[in-house]
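Single-structure report; data block below.
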Amino acid sequence: MKKICMWSGPRNISTAIMYSFAQRDDAVVIDEPLYGHYLRVTNADHPGREEVIEQVDCDGDRVMRSILDMKGPKNKILFMKQMSHHLQKINQDFVFETENIFLIRDPKDVIASLTIQLPHANLRDTGLDLQWRLFNDLRSKNSHAVVIDSKELLNDPKNILSKLCELLSIPYSESMLSWDKGPIKEDGVWAKYWYKSVHDSEGFLPYKAKPLLADKFLNLLDECQPYYDKLYKYALRKDS
């Protein structure tokens, strides 16, 4: 069984990509297996925090070992939607046992969306610094790492998903381009707080730029931008 972790920051169309993989007949998807662990070890004040902690296993090391010990046919795919900022106080060596995708998004768009739910968001909440660090750790050990940018994907979903599948050595499927409105059974218990736009969609929506950021968020943008720019250099593009 091919095991894939997609490392994203929040508000990065990561849920849409999870839905995309969930349409494949050969794939099983897991929604943010480390979210409970993250809430427990950081005391982060997220919507539905207590409900999440009560309903999921909050021992991150045990969660990941259990997933990686899962067996399945070689032609099956296990796709994990992961948040890079969930990698707190946990043994990260499991990343060398999986294929790894890094999903990035222009921080202007991330911050505009994220601060609706987290008005005091900081660099760590975006996960960009952790994405860059993990990306470099993988590359230093010659481990496979693919970067996709949300705008590039939304502007040409079929092309970018085809390139992604090729790099992962899995067949591309047209089924990845659309899904039925509403939730899927794999949604985490937190879906009602975060997934409304995906539940209202039937596929990847065209890219739409966010309004200009308020001045109070410009310092955060300045912190985020260098990490995004460095990762974007490796991102799949239409002409790459």
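Every value quoted in this text rests on a predicted model; they were computed, and no experiment measured them. The residues of the chain are indexed from 1 along the displayed sequence.
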Quick one: do [X] and [Y] end up in the same hydrophobic cluster if we chain Ile, Leu, Val, Met, Phe, Trp and Tyr together by side-chain heavy atoms under 4.5 Å apart?
{"X": "Phe94", "Y": "Phe96", "result": "yes"}
{"X": "Leu236", "Y": "Trp7", "result": "no"}
{"X": "Val29", "Y": "Leu68", "result": "no"}

Centroid-centroid distance, Trp179 to Phe204, less than 6.0 Å: yes

Measure centre to centre between the rings of Tyr234 and Phe102, then say whether the value is under 6.0 Å. no

What is the minimum heavy-atom distance between [X] and [Y], and which atoms define it?
{"X": "Lys89", "Y": "Val41", "value": "NZ-O, 3.7 Å"}
{"X": "Leu213", "Y": "Ala112", "value": "CD2-N, 3.7 Å"}
{"X": "Gln88", "Y": "Tyr38", "value": "CG-CD1, 3.9 Å"}
{"X": "Gly182", "Y": "Tyr19", "value": "O-CE2, 3.6 Å"}
{"X": "Met64", "Y": "Leu34", "value": "CG-CD2, 3.7 Å"}
{"X": "Thr98", "Y": "Asn100", "value": "O-ND2, 3.0 Å"}

So, [X] and [Y], do they make that salt bridge, N to O below 4.0 Å?
{"X": "Glu99", "Y": "Lys3", "result": "no"}
{"X": "Asp137", "Y": "Lys141", "result": "no"}
{"X": "Glu97", "Y": "Arg65", "result": "yes"}
{"X": "Arg62", "Y": "Asp57", "result": "yes"}
{"X": "Lys151", "Y": "Asp106", "result": "no"}

Rounded to the nearest 0.5 Å, what's the gap from [atom1] on [X] to [atom2] on [Y]? Could you check?
{"X": "His199", "Y": "Lys181", "atom1": "NE2", "atom2": "NZ", "result": "12.5 Å"}
{"X": "Ile170", "Y": "Cys165", "atom1": "CD1", "atom2": "SG", "result": "4.0 Å"}
{"X": "Trp132", "Y": "Ile104", "atom1": "CH2", "atom2": "CD1", "result": "10.0 Å"}
{"X": "Gln131", "Y": "His85", "atom1": "CD", "atom2": "NE2", "result": "10.0 Å"}
{"X": "Ile67", "Y": "Met1", "atom1": "CD1", "atom2": "CE", "result": "11.5 Å"}
{"X": "Asp61", "Y": "Asn91", "atom1": "CG", "atom2": "CG", "result": "5.5 Å"}

Using a 4.5 Å cut-off on heavy atoms from C-beta on, say whether the side chain of [Y] contacts that of [X].
{"X": "Leu78", "Y": "Ile4", "answer": "no"}
{"X": "Ile77", "Y": "Val28", "answer": "no"}
{"X": "Pro33", "Y": "Gln82", "answer": "yes"}
{"X": "Ile101", "Y": "Leu167", "answer": "no"}
{"X": "Leu168", "Y": "Leu164", "answer": "yes"}
{"X": "Phe217", "Y": "Thr115", "answer": "yes"}
{"X": "Met83", "Y": "Ser14", "answer": "yes"}
{"X": "Met176", "Y": "Gln23", "answer": "no"}

Would Ser178 and Glu202 count as a side-chain contact (heavy atoms from CB on, under 4.5 Å) here? Give the steps. CA-CA 6 Å; Ser178 62; Glu202 295 179 285; 5.7 Å; no

Under 3.5 Å, is there a donor-acceptor pair between the side chain of [X] and the main chain of [Y]?
{"X": "Ser84", "Y": "Gly127", "answer": "yes"}
{"X": "Lys81", "Y": "Ile17", "answer": "no"}
{"X": "Ser162", "Y": "Lys158", "answer": "yes"}
{"X": "Arg49", "Y": "Ala44", "answer": "yes"}
{"X": "Asp187", "Y": "Pro183", "answer": "no"}
{"X": "Ser143", "Y": "Arg139", "answer": "no"}
{"X": "Arg237", "Y": "Ala235", "answer": "yes"}
{"X": "Asp26", "Y": "Lys76", "answer": "no"}

Find out whether the Lys NZ or Arg CZ of Arg40 is both under 6.0 angstrom from the six-membered ring centre of Tyr35 and within 45° of the ring's axis. no

Is it true that [Y] and [X] share a donor-acceptor pair across their side chains at a distance under 3.5 Å?
{"X": "Asp229", "Y": "Gln225", "result": "yes"}
{"X": "Tyr207", "Y": "Glu152", "result": "no"}
{"X": "Trp190", "Y": "Tyr195", "result": "yes"}

Using a 6.0 Å cut-off, check whether atom [atom1] of [X] has over 12 heavy atoms from anything other than its own residue.
{"X": "Asp69", "atom1": "CG", "result": "yes"}
{"X": "Asn75", "atom1": "CG", "result": "yes"}
{"X": "Asp180", "atom1": "CG", "result": "no"}
{"X": "Asp200", "atom1": "CG", "result": "yes"}

How are the rings of His46 and Trp194 set to each other: parallel, tilted or perpendicular (split at 30° and 60°)? tilted

Which of these passes side chain to side chain contact (heavy atoms under 4.5 Å, CB included) with Pro107: Thr126, Leu114, Leu128? Leu128

